[in-house]
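The structure appears below as structure tokens.
These values consider heavy atoms only, across backbone and side chains, with no hydrogens, waters or symmetry-generated copies. Numbers restart at 1 for each chain; the letters A, B, ... are given by sequence-line order, proteins then strands. Fair warning: this is a prediction, and the values are worked out from it, not measured in the lab.
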Amino acid sequence: MYELIGVTKQYRRGQQRVDALARIDLTLAQGDRLVIQGPTGGGKSTLLQMLGGLDRPTSGRVLLDGTDLAALSERRLTAVRGENIGFVFQSFNLIPTLTAQENVETALVPLGVRAAERRTRAAEALESVGLGERLGHLPSELSGGQQQRVAIARALVKRPKVLLADEPTGNLDESMRDEIVDLLEGLCAEHGLTFVMVTHDSAVARRAPRLATIRKGRITVRENRRTTADRSVVEA
Amino acid sequence: MFFTYLRRELRRRRKAALVVASGLALGIALVIVVDSVSSGMNRAQGKVLESLYGLGTDLTVTKAQERPEAGAQPQRPRFEFQGKEDGEEQSSDRLMVQGFQTLADSTVGTVARQQGVDRAVGGLSLVNLKIDGEFKRGQVQRGQGQQARPAGPDAGPGDTVTGGGAAFDVDSFTIYGTDVTAPDLGPLTTSTVSEGRTFKTTETNAEVAVVDSAYAQQKDLSVGDELTVKGVTFGIVGIATADRGQSAAQVYLPLKQAQTLSDSAGKITTIYVKATDSTHIDAVKTAIQKNVSGTTVTTSADLAQTVSGSLDTAAGLASDVGTWLSYAVLLAAVLVAGLLTSSAVGRRVREFGTLKALGWKSGRVTRQVVGEALVNGVIGGALGIAIGLAGAYAVTAASPTLTAELGASGGGFGGGRGGGMVFGGPGAARTAAGRTVDIALTAPVSVTTVGLAVLLALGGGLVAGAFGAWRASRLRPADALRRVE
């Protein structure tokens, strides 16, 4: 599914060169779940942006099903994002003037789905995240957890291959956090999605079967022995 | 989605949209008011000029001023009175061509054949000057002890003459010999027949006259009365009232009669020309000047340059200050709208970054931004048109009076200028024939003006949108999302 080969991302901060990612190699198969952890500024979000085709590496290759995202034109890259990759953000990033249903529909617009079908699919997606009664509500009329559910519905409505979540529980309280993580894991398992999540939350991280840590642009990946199979440990 | 998103965004950013739209509205309203007032000025100037030469005349042809031959006296009216008995009344009735410059009436045909000329009509401007009075001889005072007696050749040294002198009444009026076969061209079209009728096309040599209403009132004349000119009696068939200002002449006669009375057979003073295309008058002027020698061709534009007074001042203000001001305000409004739109994009970085992350192409995001700016432009345009129309209506309702002073600097339009009679040499009539016309200013709004306003509104919206679109198109999703972390 994903293969990152020698991915390096450098930034210039004044006269100084910053290595956000340093020769990262990573492989993810279809349906894999990976949680990325690390200190602030370590390169977690940068790696997620590389995976999502939101940014290009300074060097190296980011292969998604054999297509190098780094080599695609902006137009093609946008199309790949629109068709294959779903995003969930820490701040939900909903359009404040659009209703929950319309927000979910925005993910179908680039695919050229007709308005009527858009509405139906958006309603179904919201139903699947438990917001079937809130279709016409504006984000400001929803709680944080509900807004994140709308964002999850928006990410999944186009039936992507990959779901990338950047601190999806960062703005939520604990009870809501578990609810959202349960929902994400459940939906990813149900649809067989490759799921990559960045989080600071160790409790959330412990639930992932694979755990990656990024420090100063370097990645280490390990298998998590205490996975969701042993949820009681996490919950303890 | 485009329209839903557009509608919601405009509703959410109502205040910002109103500020942008109001700025554009102000600029557009100013453009409309200034444009309509300028049109009103032009119309007023047109009316002023029409009052001189009548509706439909695009230019006039008169005889070019000739330099008097060496030693020759300039032409001027001359009156000779015989030495008659003391107190005996003497009179002289002179009918003179205004300006003493005439063209052969065959010139009308020559002018009519020029390229671009639709029609040409000749006319003869005359002045009738009647002087009545008497001389009274002075009394010769002889030396001491002698009786005073009328002065005579036998007055001797030491005698003094006292008393005596002359008392004369001067009565003058202007006559215009009109081509009755062309009633819709020439100076008579500046007046409306208020009583009786105008000339019939068959009355080419009839002894009938149309009299200006002011002159008729002054002389207590009415339809059916008679008027004597140089001993010929004319029946008054109509009273004409000048549409504005002074009339072209006080008495109108058939051209042939005017020519006969003034011993000007086959002569005219002015040719009134209507061009086939009013946008090519300069070309017609050039053609006539080139092909009909010895003539002076005057267009309405030439004459417009002689208009002065408050109308001229206001027209100058409208065309110079007004136009620049309105376009400056509009430009400022567009710039402000552009900056506000760009700033709005700046505040929506996360929103647009998210949409791009979801797969929205830059073009779609740009269209959304331009669409919003365009709607602001349309709202501004509609507001501006409404305010502009109200402003133009207010100007028309107030109808401020402007004064136009015409031809005071000479080079007048043709020879049919009413009240221009003076004594003196050729050309004097031209320089002294200035007149004042009061015109009520209106502010007509044409479809073109409204069309221009719509274009400016859309253009303003597009320019404002371009500011925002440029910023939105340069937005990279990674940067947009990174900035909110």
For a quick test of reading the model, state the closest non-hydrogen atom pair linking [X] to [Y] and the distance between them.
{"X": "Arg81(A)", "Y": "Pro477(B)", "result": "NH2-CG, 4.0 Å"}
{"X": "Gly359(B)", "Y": "Thr78(A)", "result": "O-CG2, 3.3 Å"}
{"X": "Met1(B)", "Y": "Glu102(A)", "result": "CE-O, 3.5 Å"}
{"X": "Leu358(B)", "Y": "Arg154(A)", "result": "CD1-CD, 3.7 Å"}

Contacts of type salt bridge (Lys or Arg N to Asp or Glu O under 4.0 Å), residue Arg134(A), not counting sequence neighbours: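 For Arg134(A), no residue satisfies salt bridge (Lys or Arg N to Asp or Glu O under 4.0 Å) once neighbours in sequence are set aside.
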Using the test ring-ring contact (aromatic ring centres under 6.0 Å, His included), find all partners of Phe87(A) that sit at least two apart in sequence or belong to another chain.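 ring-ring contact (aromatic ring centres under 6.0 Å, His included) check on Phe87(A) returns Phe89(A).
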Phe92(A): ring-ring contact (aromatic ring centres under 6.0 Å, His included) partners, not counting sequence neighbours: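 Scan of Phe92(A) (ring-ring contact (aromatic ring centres under 6.0 Å, His included), adjacent residues dropped) gives none.
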Side chain to side chain contact (heavy atoms under 4.5 Å, CB included) assessment of Thr4(B) paired with Glu105(A): CA-CA 11 Å; Thr4(B) 307; Glu105(A) 281 185 56; over 6 Å; no
Min side-chain heavy-atom separation Thr354(B)-Thr106(A) under 4.5 Å: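 Sidechains of Thr106(A) and Thr354(B): no contact.
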Could you tell me whether the side chain of Arg12(B) reaches within less than 4.5 Å of the side chain of Pro96(A), counting heavy atoms only?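 With C-beta onward as the side chain, the pair touches.
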Roughly how far, to the nearest 0.5 Å, is the [atom2] atom of [Y] from the [atom1] atom of [X]?
{"X": "Leu77(A)", "Y": "Lys356(B)", "atom1": "CG", "atom2": "NZ", "result": "12.0 Å"}
{"X": "Ile95(A)", "Y": "Tyr5(B)", "atom1": "CD1", "atom2": "OH", "result": "4.0 Å"}
{"X": "Arg75(A)", "Y": "Ser362(B)", "atom1": "CZ", "atom2": "OG", "result": "10.0 Å"}

Out of Arg348(B), Arg11(B), Arg364(B), Glu9(B), return the one with the most heavy atom pairs under 4.5 angstrom to chain A.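 Top option by heavy-atom pairs under 4.5 Å: Glu9(B).
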Is Thr40(A) in contact with chain B via its backbone, its side chain, both, or neither, using a 4.5 Å heavy-atom distance?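 When you check distances to chain B, no heavy atom of Thr40(A) falls under 4.5 Å.
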If you draw a 6.0 Å radius around [atom1] in [X], do more than 12 non-hydrogen atoms from other residues or ligands fall strictly inside?
{"X": "Arg215(A)", "atom1": "CZ", "value": "no"}
{"X": "Glu190(A)", "atom1": "CD", "value": "yes"}
{"X": "Arg218(A)", "atom1": "CZ", "value": "no"}
{"X": "Tyr393(B)", "atom1": "OH", "value": "no"}

Sort by residue number and list every residue of residues 116-126 of chain A having at least one heavy atom under 4.5 Å from chain B.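 Only Arg118(A) of residues 116-126 of chain A have a heavy atom under 4.5 Å from chain B.
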Pair Arg476(B)-Asp55(A), side chain to side chain contact (heavy atoms under 4.5 Å, CB included): steps then yes or no: CA-CA 8 Å; Arg476(B) 293 174 61 237; Asp55(A) 206 350; 2.7 Å; yes
